[in-house]
2 protein chains.
Amino acid sequence: MSQSSELPELDSPPRAVTIQDVARRAGVSTATVSRALALPDRVAVATREAVFSAIRETGYTPNAAARSLRAKSTKMVLVLLPGIGNSFFTPVLNALEEVFTEAGYGVLIGYTRQSRRRETHYARVIRAGQVDGVLVVTGNVPRDEEFASVPDTVPKSLMFSEVPGTEHISVFDVDNRNASAAAVRYLISQGHRRIAHIPGAEGGLEAQERLGGYCDALRDAGLPVDEALIWRGASNFDFASGDRAAARYFDLADKPTAVFAAADEIALGFMRALKNKGVGIPADVSVIGFDDTEYAIHYDPALTTMRQPRTEMGRLAASDLLRRMAARDGAVPTSKVRLPCELVVRESVRRLG
Amino acid sequence: MSQSSELPELDSPPRAVTIQDVARRAGVSTATVSRALALPDRVAVATREAVFSAIRETGYTPNAAARSLRAKSTKMVLVLLPGIGNSFFTPVLNALEEVFTEAGYGVLIGYTRQSRRRETHYARVIRAGQVDGVLVVTGNVPRDEEFASVPDTVPKSLMFSEVPGTEHISVFDVDNRNASAAAVRYLISQGHRRIAHIPGAEGGLEAQERLGGYCDALRDAGLPVDEALIWRGASNFDFASGDRAAARYFDLADKPTAVFAAADEIALGFMRALKNKGVGIPADVSVIGFDDTEYAIHYDPALTTMRQPRTEMGRLAASDLLRRMAARDGAVPTSKVRLPCELVVRESVRRLG
DNA sequence: CGTATTCTTGTAATCGATTACATCTACCGT
DNA sequence: ACGGTAGATGTAATCGATTACAAGAATACG
């Protein structure tokens, strides 16, 4: 519909319209077209108009590959997610996409699925210059040798994970240890003395920190840390892990009055299993979670939990990466930002005594 | 660590290693390097080895932009999502990423957020040749003029939406109307006669079809379709909409014994609101949902629902797109695939009488 | 042994933009 | 009126691969 009557092209091969076509039509050189687009005020008004109408008439859109090749910038970022079907990341991804798109950047997603093959694959994507920056959402980038080979000229950021010694990486996380301690302190403040913990999967740094915070809070309150009340064995931050932990609860003779789960989904799985067997929540057991996902508030009872500011972290991390990508050769230093968590009191914790 | 002792480069500007570097090091032409990579058996064994070790030593990775420019293929697909923070799409995205990555394609995501500006933006991404194919997950691509301007040479697919007259688009969906009718028939089979419906947001085609199915089933069973039992006003397939519908329930003098919600999240929101006021589910009201999201099974009571095969649809749609992208000039025709839904009976529906 | 065929490799054009540099015009001050 | 400067535009190199074509070497066949 665009290159209608003027040009007598036979459109068997519907060749895309290039800057050449626009230049010819506007009666200028390709350099002028390029300038009209990139720096409109370095080109005379009349010429600019001519170029723009030629663009409109031909329906021209600059070719991304050509532009990237020459300009050495793709205007794309890679967002790496662990990729378990976890809804925890939904708002994060939303925030990231929002900020990046607004700034004219495209978002390439990758699920690493803790598989080395996939990490290698994405390392290659980065080295191929396919993206201008990388945002790793919970993971262990720096551990991987493949990633070590990607040049530090590509800005990288990490979210939700605390990894030591990452000089060239911006980090956005929360103080998992202190936040967890605060959650447990809350239980203590409500009169609970016998408090169990369902940690996340071993190996995970966040899980470890949260367990640490749990122990800290108990010790600070002069309460014993009882291994029988630490129900390890989670495979992930998921329902199934909470479900499994319930077995530990039922096995126990001297039951706790409260449970701190390392994640909302674990808490929900646990609660579900207990309710199934007629255990009342919070009547018989109080439960507190971590994250404040969408489902925490809609569950019955609504889950009391420690909120992570996921959307805000996404926004901050994206903005930071944007800033660093825009700066030539690392003029902008990396950031280490630790955001505060917030206790959200709902219905799953009962005051004792 | 790679270009260590041999080459006396000063690495102030850490220029990326190119095919030229590899060629020089292996003592061959760039053409040979390219061939060794793309068609290994068209190059002599000895040469191939030389090339590969040169690649290994230099840590070479082909530049994506250069490759795309010349080969006119980016090995990327654009996945467009509506982008509400809906967990419905999580497994879909998972499946898509899985299949595409496996095939060597990158996944660019875009949230349209029903905003014209964003749709325009993504239309431009396509026209810029940034992707080889497009997968729209629930949306109205064809309606938009911008999209009309993207050439049909870019394979496009649509998931979960039924849009008439889309010649050049593959469609993967379910029979929303019949599946809904089946859900309602199930309620009827359990002895329910007075059945309400919470439709999805107006305007949405799926929502409309599901409402249609609800009416069909009632009529087929000789039951009246009562407008007082159709609780419109959903803004989305979300909790809040279910919550709002609950008000309608309480307003009603002659209450229904069962409710068919157009989506699980609506059902969950509705159930939550009822339970809050002491209404028993399924003791007092039976509820059936649609989708079978992760949360349906973990709720209390576990939600009886009509499952959409989200992962399977994702896999099929991705494979189809892959096939069409691989074929030069539309040799592979588009598909229209309609997958079956499946009733998942759990705890939220009670047998009457 | 000479020609035809197959293998292997190199040369150079090409993809479609951006941009350094050159050129030309117009306007400025003295 | 003339050298100087600013402004507008064009020329052509360049980004880093792929690939058509050509050429040379090796093998086959009569």
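Letters A, B, ... mirror the listed sequences (proteins, then strands); counts begin at 1.
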S.K.: Write down the distance between CG (Leu39(B)) and C1' (dT8(C)), rounded to a whole number of angstrom.
M.R.: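 In whole Å, dT8(C) C1' lies 13 Å from Leu39(B) CG.
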
S.K.: Side chains of Asp173(A) and Met159(A): closer than 4.5 Å at any heavy-atom pair?
M.R.: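 A side-chain contact is absent here, since even the closest heavy-atom pair is not under 4.5 Å.
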
S.K.: Nearest to the side chain of Val28(B), heavy atoms from C-beta on, is which of dG16(D), dG10(C), dT9(C)?
M.R.: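 That would be dG10(C).
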
S.K.: Please determine whether a side-chain nitrogen of the Lys or Arg among Glu102(B) and Arg117(A) lies less than 4.0 Å from a carboxylate oxygen of the Asp or Glu.
M.R.: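 Salt bridge present between Glu102(B) and Arg117(A).
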
S.K.: Scan side-chain atoms only and decide if Ser170(B) and Asp320(B) contain a donor-acceptor pair under the 3.5 Å cut-off.
M.R.: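 There is such a pair (donor and acceptor under 3.5 Å, judged by atom type) between the side chains of Ser170(B) and Asp320(B).
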
S.K.: Polar atoms only, N or O, under 3.5 Å: list the protein pairs with nucleotides 5-7 of chain C and their distances.
M.R.:
none

S.K.: Touch check for Ser68(A), heavy atoms < 4.0 angstrom, all strands: base, sugar-phosphate only, or nothing?
M.R.: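 The answer is nothing, as Ser68(A) stays clear of every strand by at least 4.0 Å.
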
S.K.: Counting only side-chain heavy atoms from C-beta out, which of dG16(D), dT11(C), dT9(D) sits nearest to Leu69(B)?
M.R.: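 Taking heavy atoms from C-beta onward, the closest nucleotide is dG16(D).
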
S.K.: Can a side chain N or O of Lys72(B) be found less than 4.0 Å away from OP1 or OP2 on dG16(C)?
M.R.: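 Yes, such a contact exists.
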
S.K.: Hey, what are the protein-to-nucleotides 17-19 of chain C N/O distances that come in under 3.5 Å?
M.R.:
| unit_1 | atom_1 | unit_2 | atom_2 | d |
| --- | --- | --- | --- | --- |
| dA17(C) | OP1 | Tyr60(A) | OH | 3.0 |
| dA17(C) | OP1 | Asn63(A) | N | 2.8 |
| dA17(C) | OP2 | Ile19(A) | N | 2.3 |
| dA17(C) | O5' | Tyr60(A) | OH | 3.3 |
| dT18(C) | OP1 | Arg67(A) | NH1 | 3.3 |
| dT18(C) | OP2 | Ser34(A) | OG | 2.4 |
| dT18(C) | O2 | Arg70(A) | NH1 | 2.5 |

S.K.: Please determine whether side chain to side chain contact (heavy atoms under 4.5 Å, CB included) holds for the pair Phe89(A) and Thr138(A), giving the CA-CA distance in whole Å, both sets of side-chain angles, and the decisive distance to 0.1 Å.
M.R.: CA-CA 10 Å; Phe89(A) 299 108; Thr138(A) 297; 4.1 Å; yes

S.K.: For a quick check under 3.5 Å, do Ser157(A) and Arg324(A) share a side-chain donor-acceptor pair by atom type?
M.R.: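 Note: Ser157(A) and Arg324(A) side chains meet the donor-acceptor criterion.
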
S.K.: Taking the basic N atoms (NZ, or NE/NH1/NH2) and the acidic carboxylate oxygens, is any pair closer than 4.0 Å for Glu98(B) and Arg113(A)?
M.R.: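 Salt bridge between Glu98(B) and Arg113(A), a charged N being under 4.0 Å from a carboxylate O: yes.
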
S.K.: So do the side chains of Leu80(A) and Val137(A) get within less than 4.5 Å of each other, counting heavy atoms only?
M.R.: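 Answer no - side chains too far apart.
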
S.K.: For the side chain of Lys75(B) and the backbone of Asp132(B), is there at least one donor-acceptor N/O pair under 3.5 Å apart?
M.R.: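 Pair absent, no side-chain N/O of Lys75(B) close to backbone of Asp132(B).
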
